[in-house]
Amino acid sequence: MRRVVAAVFALAGAVFLSGCGAAASAPSTPSESAATGFVIDEDFPDPDVVSTDDGYVAFATGSHGLNIRVATSPDLGKWTVDRRDALPTLPAWASAGRTWAPEVAPLGEGYVMYVTAEHTASGRQCIGVATAASLDEPFSPASDEPLVCPVDEGGAIDAATFDDEDGTRYLLWKTDGNCCALDTHLMMAPLSEDGLSLTADPVTLLTQDQPWEGDLVEAPTLVARDGGYALLYSANDYGGDSYAVGAAWSDTLTGPYAKQEGPILSTSGSDGAFRGPGGQDVVATPDGDVLVFHGWDEQYIYRGLHTAPLSLEQGRAEVALG
């Protein structure tokens, strides 16, 4: 029987229940259950998953000399890690060595990638954009300048996209204030049709204000469900068990977003099944939503890939654990 981690939070008078390295030389071995163990048992943090006609393609933070890592799966359970670099050439503004948290989305007949890298001129992390004709081809930088780079706010990391029902695509990100004793904020702004620029000033969706969040919120993931918007995010120190996934809900796209009380997925809430879970993505499948996220191995050396069933219905978010 599956256990469900759940917590209650309120919004506008209604009550909602919210749930809650070393490289291998061979493809990762799938776990027996999609909700337990690693589905990629090697370093593959900050995953972003793209659905295709042939299955799924995942992109992750760079490691092992690669800027952006790639893996493929027919079913989100059995994964093959590709040893190619999805972004072999960094944009002119970026320095090598700190390439994080890619977000890949279809655009026209090709794909666009939003990626975090070190801004050479300032030393801060900023977000740039790259494009590719297909997911089998390497992405190439689309601009010699970063797309989002608020240096005075500590920079920007953890890009994510959201497509609203009117066809407008939005970019979400985190202002990286914890780099320099500033607050962090989850931001959102609309993108141009070509995906290469912002068309309006950003709005603030969330900031850290709960004890469990520590000094930061990051890794926004926005989905529309049942006439509302669910915003998942990670918070606290990624390097240990305090890192966790939270959730907030709004009736309108730009908020205000009401947070649940406590995380929806955490080390303690999963009885240690997942260590420092976070960097999540939500994948819609024919069988329902799946939460894809990273977690530490037993020695806290690398962050492997996990999946777990996720329910988001009428403001109710539940992560099912095996």
Side-chain angles (χ1 to χ4, degrees), residues 43-50 52 57-72 81-163 168-176 179 187-202 218-221 279 281:
D43 199 44
F44 205 85
D46 306 314
D48 175 65
V49 178
V50 181
T52 74
V57 182
F59 299 85
T61 285
S63 60
H64 315 314
L66 305 177
N67 291 319
I68 296 297
R69 306 204 68 197
V70 188
T72 58
V81 178
D82 197 325
R83 302 307 169 187
R84 67 183 174 92
D85 195 333
L87 185 67
T89 302
L90 293 178
W93 59 267
S95 300
R98 300 175 69 202
T99 312
W100 299 342
E103 166 77 1
V104 176
L107 182 68
E109 296 182 356
Y111 291 86
V112 62
M113 174 189 288
Y114 301 97
V115 63
T116 301
E118 183 179 70
H119 183 237
T120 303
S122 67
R124 303 298 188 200
Q125 295 291 101
C126 293
I127 294 170
V129 60
T131 58
S134 75
L135 296 181
D136 296 324
E137 300 179 33
F139 282 79
S140 298
S143 174
D144 289 338
E145 298 295 332
L147 176 61
V148 182
C149 195
V151 172
D152 292 343
E153 299 174 67
I157 69 171
D158 292 352
T161 57
F162 172 75
D163 294 338
T168 303
R169 174 168 288 174
Y170 292 84
L171 188 73
L172 294 88
W173 68 89
K174 167 214 176 180
T175 59
D176 202 28
C179 77
M187 312 295 293
M188 182 177 69
L191 283 159
S192 59
E193 289 188 8
D194 65 7
L196 304 183
S197 62
L198 304 180
T199 61
D201 291 336
E218 59 189 16
T221 305
D281 192 16

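- The structure places SG of Cys149 at 11.5 Å from CH2 of Trp173, a figure rounded to the nearest 0.5 Å.
- In this structure the side chain of Asp163 never reaches within 4.5 angstrom of the side chain of Thr168, judged on heavy atoms.
- Listed by first and then second residue, the salt bridge (charged side-chain N to carboxylate O under 4.0 Å, His left out) pairs that reach into residues 94-103 are Arg98-Glu118, sequence neighbours excluded.
- The structure places CG of Leu198 at 10.5 Å from CE of Met187, a figure rounded to the nearest 0.5 Å.
- From Leu171, atom CG reaches atom CG of Leu191 across 5.0 Å, with rounding to the nearest 0.5 Å.
- By the 4.5 Å heavy-atom criterion applied to side chains, Thr131 and Tyr111 are not counted as neighbours.
- With hydrogens and angles disregarded, a donor-acceptor distance shorter than 3.5 Å links the side chain of Arg69 to the backbone of Asp43.
- Between the CG atom of Leu90 and the OG atom of Ser95 there is a distance of 8.5 Å, given to the nearest 0.5 Å.
- Looking at Arg169 and Val112, their side chains come closer than 4.5 Å, going by heavy atoms from C-beta outward.
- Applying the side chain to side chain donor-acceptor pair (under 3.5 Å) test to Asn67 and every residue at least two apart in sequence or in another chain returns nothing.
- Interatomic distance, Asp158 CG to Asp48 CG, rounded to the nearest 0.5 Å: 11.5 Å.
- When each of Val70, Leu66, Val57 is checked for a side chain to side chain contact (heavy atoms under 4.5 Å, CB included) with Asp82, only Val70 meets the rule.
- A distance-only check finds a donor-acceptor pair linking the side chain of Asp85 to the backbone of Ile68 [under 3.5 Å].
- Asp176 places no side-chain N or O within donor-acceptor distance of the main-chain N or O of Ala156, the cut-off being under 3.5 Å.
- For Thr199, the side chain to side chain contact (heavy atoms under 4.5 Å, CB included) partners are Pro190, Ser192, not counting sequence neighbours.
- Panel note: side chain Tyr114, backbone Ala130; no donor-acceptor pair is recorded below 3.5 Å.
- Ring planes of Tyr170 and Phe162: tilted class, angle from 30 to 60°.
- Partner Phe59 forms a side chain to side chain contact (heavy atoms under 4.5 Å, CB included) with one of Asp281, Leu135, Val49 and no other, that one being Leu135.
- Atom CD of Gln125 sits about 9.0 Å away from atom SG of Cys179, to the nearest 0.5 Å.
- Heavy-atom neighbours of Glu193 CD from other residues, nucleotides or ligands within 6.0 Å: at or below the threshold of 12.
- A donor-acceptor contact shorter than 3.5 Å links the side chain of Thr61 to the backbone of Ala101.
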